[in-house]
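Atoms within a ligand are numbered from 1 in the order they appear, just like the ligands themselves.
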Amino acid sequence: MKNLIKVSLRQSAIFIPAAACAQSVKEISETSTILLANARKLGFTFSEPLLHALNAAAPKLKHEILEALREVMGTNKNWTPLVKGWDIPTGESRSDHIIAFFANVLKLNWGSKLKCGHYIPKKTFPLERYNGCPFCGTPFQQEELKLNEQGSKLKVLDLWKEDDMTNYLNDLLKSKTALDATQVESLKTLILSFDIPNVAVAMKETLMLLIDTLVEKGDAEKAASYFSTPNDILRYLWYKKTGFLQIVEPKTIINKTKENNTHLFNFFSNCNTASLDKKKALKLKYSRKECKMVASWLNGLSMSPKKVCEIMHPKRNMWVRFIRALRLAEYSKKAGFEQLKTILDIFYNKKYKVWQGILNKNRQQFNAEKSLRILKEKPGVFARSLFSNMLWFGDDITINAFADVVDQVPARLVFSLNMYADNYFKPNGKRSVKTLGGIRKTIDTHPLLEMYDQKQLDGMKAKIEDLTLLAMKKRFAGVPNKSKTIYIDPALFNMPVSIGERSENVQDMPSALMGTRFPLEGNEVRLFMQWGEGMPAQHLDMDLSCYVAYEHKAQFCSYSSLTIPGCQHSGDIRSIPSKVGTAEYINIDVDKLETLGAKYVSFTCNAYSNGNLTANMVVGWMDSKHSMRISRKSGVAYDPSCVQHQVRITQPLAKGLVFGVLDVEAREVIWLEMPYYGQVVQGLNLNGVETLLNKLDSRLNIGTLLNIKAEAQGLKLTEDAEADEVYDIQWATNTAAVTQLLVD
Ligand SMILES: [Zn+2]
């Protein structure tokens, strides 16, 4: 039940089963009052329907709701930083560290000996200011969290019943873009509690999650009915092996593990053993039962064996390994597995056409007509290579050929063409792309761009825009609609359709789309990071930092410079205490930064120790009209009622992460997620952040898409929310439902 409550909370609601609140009671009960008061301390309040339903519900359910809210807001965790009253700098210096280093190496008993065994020489660190050892960053003391209710903006929660939950499940299954990490967690929870509705699953990634649930339930046969190509099977096997919903090749995973384990100082690096371990982990090993299951799946595919092999070809090396590990040759000799036998025979003897090979040959020979004809056989591939083919063969001939098949391309792809054209046709530029492994990279643009002048490139962009707009309009026009009027919330014109940028970490608080702008209420933003909850005491160095970008310079606030103009860090913790975790904070004085002329502040966190960034970490930021307290006694500075947004880090491959950008002048925090390499914040490149911000500002946003719909379906735009069709912010928070605008 608690998990279901958490799913609804992500959608700004609380799920109460109909049976638990048979009647709606207006008179507020005592237990409801208590729950409401406690929820306010955590930054939440209830809508009227929710309150009426709660009045009728049993105290046990109310208790579960409170528990869920407390877990999400982390009130049971330790929030004590290293320094007491850390808003006043301790004045610790480089030389303090150096003197302490010699005292400890030479075992000079020059001052106080701490629990961790370190000597802190007199006249170095002001020990009375620390909750732990300033030298090694191990905390000793903790203070319990007090809830001060300093927040100035409560988040209103609504009532959800069974219908809302199943509708949401439906939306997730039908989502026309791959689900983000929050949606994946919600989907997994919902499938376990509700019947799987009979809907067409729109995305392969979603399908894998569904199949996985069926297989876990022991219903491999039903799962078989969902496989349509051998790639689906490969994708499922790879997902089970690596946890990736897309097929990320083994070498990519191994390289990435290696990079994540490269320590700043080579001396401490264990990258070679780490990649060896990963290699071992990627070795395939299957039980008899699993081998038979996959053999029957392949054997049962309805497409022709030749076609099966053609599709298997681009991942031939992976297939060879899987066929061996799954002992498929052995099964193909058994009665009833004749189809599998034919497939393996064709595959091993390469008695199939290699589509890509034929295409490449014609492309190299510059045979435009033939190449484009081959491309038309695979509209999806054509769409993905449209831009480079325009540069190679010329824009008109390529676009005309593509126009013939554009109707067969999923709307998601058509739409993204227009989104990416701007970014692509930029000469002398850098492009920001995201690799399958989830890392954002800045890459050089296509060399052929240099052959064209700006006017020609602008012409190419315009042609793509015309084509995609026409295609989208045609699709909307093809959907009958009885509505006459439409209301589009102006804020939707600032929200990109979530095609390329998916959040990879989980938002347990009411979730927001990447690109959402949070206006500030106060003059201070407080970043927080909590990690290590539930883990035994150990060395586990995670760093919270921020990057202040000025026009001509940049400054970092991090473990190595705790105090910079406008920012103050709470001290570098390098070891966690047992079970409760530990915290770091940064205070950002927005007024001061504005006076100093700062443009942006990027919020970042990364792992300083070897390994990946996980460790049950939560990062986020606080904001309030009222002043936010910092305990003199302990330095605790967390107040759940002030949290504007937070994310739980779940992506194991990312090394460092940008989790928000403060636009100083606009006084807004833009929520985004950008993983990056490099151990320290200096590894982050300002260009990268600006490129990403540009991308979020894409012209093709939800509002524009709705405008196209209105035009194509002859709907009249109105200013009031009483229209036949209403699209507001509330509607947009259900991203899966928003993707239904991508009509195929
Ligand atoms: Zn120490």
- Message: Checking Glu521 now: which residues fulfil salt bridge (Lys or Arg N to Asp or Glu O under 4.0 Å) with it, not counting sequence neighbours?
- Response: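 Salt bridge (Lys or Arg N to Asp or Glu O under 4.0 Å) check on Glu521 returns nothing, list empty.
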
- Item | Residues that Glu67 engages under salt bridge (Lys or Arg N to Asp or Glu O under 4.0 Å), provided they are two or more places apart |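 With sequence neighbours excluded, Glu67 shows a salt bridge (Lys or Arg N to Asp or Glu O under 4.0 Å) to no residue whatsoever.
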
- Query: So, Arg574 and Asp543, do they make that salt bridge, N to O below 4.0 Å?
  - Reply: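 Asp543 and Arg574: not salt-bridged.
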
- Query: Are Lys240 and Asp212 close enough for a salt bridge, meaning some N to O gap below 4.0 Å?
  - Reply: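 Counted as a salt bridge, because a side-chain N and a carboxylate O are separated by less than 4.0 Å.
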
- Pick from Trp79, Tyr585, Trp621: which one makes a ring pair (Phe, Tyr, Trp, His ring centres under 6.0 Å) with Phe528?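 Among the candidates, only Trp79 passes.
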
- Message: Can you count the protein N/O/S atoms lying under 2.8 Å from the Zn ion (ligand 1), leaving waters out?
- Response: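 Those protein atoms number 4 in total.
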
- Message: Applying side chain to side chain contact (heavy atoms under 4.5 Å, CB included), can you list everything that pairs with Val580, at least two apart in sequence or on another chain?
- Response: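 Per chain and number, Val580 pairs via side chain to side chain contact (heavy atoms under 4.5 Å, CB included) with Asn78, Gln142, Pro577.
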
